[in-house]
Amino acid sequence: MTPLTAALWSIGALLGVGGLAAALARGGDASRFIYCLCGVLCLILFGAAVVPRTAVALTATLPLGLPWIGAHFRLDVLSAFFLAVVNLGGAIASLYAIGYGAHEKHPSRILPFFPAFLAGMNLVLLADDAFSFLVAWEFMSLSSCALVLAHHHDAENRRAGFIYLIMASFGTLALLMAFGLLAGSVGGYSFSAIREATLGEYWKPGLALALTLLGAGSKAGLVPLHIWLPLAHPAAPSHVSALMSGVMTKVAVYGFVRVAFDLLGPPAFWWSMPLLTIGAITTVLGILSATIQSDLKKLLAYSTIENVGIIFVALGLALAFKANGMALPAALAFTAALLHVFNHSLFKSLLFFGAGAVLNATGERDIERLGGLIHSMPRTAFLFLGACVAISALPPLNGFVSEWLIFQAVLLSPSLPQWSLKLLVPAAGVALALSAALCAGCFVRAFGVAFLGRPRSITAKNARETDLWSLAAMSGLLALCLLAGLLPSYLIDTISPAARAFVGGHVPTQGDIPWMSIVPIAESRSSYNGLLVFIFILFSAFLSAWIVRLLGTHALRRGPAWDCGYPDPSPVTQYTGSSFAEPIRRALGHVAFVARDHLDMPPPGDTRPARFGVEIRDRVWDYVYSPIQMSVEFGADQLNKTHFLTIQGYLTLVFIALVSLLLVVAIWP
Amino acid sequence: MGNLSFDVAHLFAGSLVLVSFMLLYQDRMSGLINIFTAHAVILSFSVGWQAYIQHSPHLFVTAAIAIIFKAVMIPVSLQRIMERLRIHRDIEIIGGIGVTMLLGICLVALSLVVMLPATAAADPLAREDLAFALSVVLLGLLMMVTRRNAISQVIGFMSLENGLILAATGAKGMPLVVEISVAFSVLIAFIVIGIFLFRIRERFDTVDVQELDRVRGGRR
C-alpha cells in the first residue's frame, strides 16, 4: 500500500465519519468518539505525508468525477509538505475538540461537517487535475461555510456566512477561469497536460497568474479580498476557526504555489511585483487592523491576514529570484515561505485554542471585558503567552526562524538585475519589519489586556481553567513551536526537496552543521542557533531571578493596585485595550481605516458624563465593496422589473431574443 | 417528376406562409378559426405530398393526424368553447395591421436569409421547406405577441406548431414516434389551455389577458 493509497483511503474514511456523525450526532456523547476518529485519521494522513522520503511523485487515478477522465491524484514533495501541515493541524484540532466540543450545545451542526472539511482540504492537496482540484476546493469552502453557520441564530454569523460564501464562490470562479486559461483550447485539464502545454503569448500567463492570485488570495485573505476572515473566524467554533485560520489559508497558499511555481512554467520577473506589493500591503493593513481590534478572535483573524501577507512576500521573492535564475536565493525565499506556513499553522492554532478556552470559561471574546485571567487560568495563560511570543517572532520560538530567513532573502535583493525589483523588495522588507514590530505590540496588548491586570467583568472573575484535553492539545502545539524554533535545521532539510523541485535549487543541507545552527547562505554572512539562544535565555533568566531573590526579600506580598492616586477600586480605571492601541490608531490608523473620534459633550448645566467614541470603518469596504454592492443592487432593481411584465411582454421578450439571435446568425460572416 | 414534386411542395409550403399572414390580420373570432382550419388542411396536404415523394408511408399517418386533430377536432372544440364563452361574434382590436404585416414580411425575409446559407449543402427541397417552416414559426410567434385575446394566442401557438411539423417532415427520416408525441403534447396543451380559459372566464368574466395583468398588478 503506497502512502497515496493510504491517504486516499483515509480521506474516504473521513467522509464516512462525516456521514456517521450525521447519523450519531443527535444521540448523546457522539462528539468525543467522532473527534477521536478524526484525530486518528489525520494522524494516518500525516504519516502518509511524512513517510515517503523520496522526491518521486506517486500518482493514482480513480474512476470518479468526469466520465472518461476520472479523478487524478498525486502526492509529490510539495503536497506532502502541505499534507503534513494540514493533518498535524487537523489532528491537534481534533484532540482539542474532544474537550472543547463537549460544551457545544448543538453538536449535530458541527460534527458532520468537521470531518468533511478535513477531507476537502486533503483532497485539494492531492488533486492532480483541474476538475478534482476545483471540486475539492469548493467542497472545502462549502463545508467550512456550514461550520461558520453553525450558530446561525445570531444575525452577525449569518452575515459572516453569507459574505464568506460570496467570497468563496468568487475565488472558485477566478480559479476556474485560471484553469480554463491554463488548459487552453485543447482542454487538457490534468495537471501533467497543463505542465507540458506552454501558454506562449505574453499576456496569457500574466492573466492566469492574476486570476490565481484572485482565487487563492480570496481564500488566503489577501487585501482587499480579506473581508470575510474577520467575520467568519469569530463566527465559527474555536477549533474550526483554528483550522480555517491556521490550515485552510495554507491550502490556499498551496493552490497558489502549485499554479505559480509549477503549472505556469518558467516565470517572468514582473510576476513577483504584484505579489510583493499586495503581500506588503496585506501585512501592514492586517496587523494595523489587528492592533485596534478588541474582539480576540477578530484580532487573531487580522493577524492571520498579516501572516498570509508575509508568506506571499516570501513567495514573491522566490519568484523574482527564480525568474532571474538565482537558484540559491530563490530556494531560501521559498523555504522561508513554507517554513512560515508551517510555523504559522502551529502558533495560530494555539492562539485560537487559547481564545476558545477563554471563550468557554468566560463567554467573552471582547478583551475589554476580560482581564486577570492569569490567576484563574494559569495554564492557558502560559500557553497563550508562548504562542504570543512565537507569533511576535521572538527567539527562540519558531516564528523568529522563518521571519529571519525571509529577511535574509530580502537582504539578497541588491543582486537582482531589475531596478524595479531592487527598489520594490526593500520597500516590502520595510513593510515586513514594520509589521513585525506592530505584531509584537499587538500581542502584548492582547495578552496584557486579556490575561493580566484585574478582571473587568464578573464572568472574567469567575473563570475556570479549561479541560485537560484542550490543555494537552495546546501544550503539544507549544512544544512543537519550541522544537521548531530550536531545531529548524531539520525542517529546512525537509523542505529542501520541494525547493529543489519548484525553484531549481536548495538551501545548503543544515542537518550536518555542528551545534544545530542554521546557515542559510554562508557562514560569513549570517547564522542562527536557536538552541544556544534558548540556553542563554534560560541561563540568564534563572541567573537574574536567582540574584533578585538573593538580594531582595523572600516574602510574597500582594498590595492594592495602583490607582493613579484615586481611591476608586473599580477595574474600569485600568489601562484598556483601546488606550493601548490609541497611539497606533492615531499615528498609522489613517493608512488602514477611517478612524473618527467624536466627543459627546453635554451642554453646561447638564450633569450627564461626557463620552468619547471612536468610529472605525474599513477603507476597503468603502472603496471596493460598497460600490460593488451598490451596482449589484442597482442591477437587481432594474432586472426586478422583468418580474412584473405582462404575458405579452414576456412573449415579446422571447420573440425579440429569437429574432436577434437569428439576426446574429444571418449577419455573422 | 423531379421538377413537379419540387414545385408542388413549394406551393404547399408557400401557401402555409400565406395563410399564416391571413391569421395575422384576421380579427373576427370565427373567421380566425376557419383560417386556422385552412392552415391545418394545407399542412396535411403538404405532409401528404412529402409522404408521396419521399415514399415514406408513415408520413401519411402524420398527415392523417394533422387532418383529424388540427383540422377537425381542435377547430370544432375551439368553436364550441367560443360559443360557450359567447365570444364567437367578437371582433378583436388589433393595433396597426399594416405594421404587423410589414413585420411579418421582414420575418420571412430574415428566415430566408438565415436558412438558405445555413443549409447550402442540403437537398434544395428541404432547404425551401425549412425556410418556409421557420417563417411559419416566426409568424406564429408574432401572432402570439400581437394578440390580446387568449384564444387568438392559442391559435398562434397552434400555427407555430404547424410550422414545426412542416420543418420535421421536410427533413427526411423523422420517426413517427416523435410526430405522434408532438401531436399528443399539442393536444394536451390544448386541453390544459382550454380548461384554463374556462377558469379564467369564471373568475374575471373575460378572456382578454390584459385583465389578468391588471389583476396581477402588472406594469406597462
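Throughout, protein chains are lettered first and strands after them, A, B, ... in sequence-line order, and every chain is numbered starting at 1. All values below were derived from every heavy atom in this structure, side-chain atoms included, with hydrogens, water molecules and symmetry-related copies excluded.
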(request) Could you tell me which portion of B:L138 (side chain, backbone, both or neither) has an atom closer than 4.5 angstrom to a non-hydrogen atom of chain A? (result) both
(request) Heavy-atom distances under 4.5 Å only: say whether A:L663 touches chain B with side chain, backbone, both or neither. (result) both
(request) Could you please spell out the steps behind the side-chain contact (heavy atoms from CB on, under 4.5 Å) verdict for B:Q153 and A:L651? (result) CA-CA 10 Å; B:Q153 287 185 344; A:L651 283 173; 4.2 Å; yes
(message) Please give me the minimum heavy-atom distance between A:L662 and B:V114, naming the atom from each residue.
(response) O-CG2, 3.3 Å
(request) Evaluate whether atom CZ of B:F45 has more than 12 neighbouring non-hydrogen atoms of other residues, nucleotides or ligands under 6.0 angstrom away. (result) no
(message) Counting only heavy atoms from other residues, nucleotides and ligands, does the tally under 6.0 Å from CD of A:E156 exceed 12?
(response) no
(message) Could you check whether atom CZ of B:F21 has more than 12 heavy atoms from other residues, nucleotides or ligands sitting under 6.0 Å from it?
(response) yes
(message) Taking atom CZ as the centre, does B:F12 end up with more than 12 heavy-atom neighbours from other residues, nucleotides or ligands that are less than 6.0 angstrom away?
(response) yes
(message) Only pairs of heavy atoms separated by less than 4.5 Å count here; which of B:L110, B:L107, B:V113 has the most with chain A?
(response) B:L110
(message) For B:R28, I'd like to know if atom CZ has over 12 heavy atoms of other residues, nucleotides or ligands within 6.0 Å.
(response) no
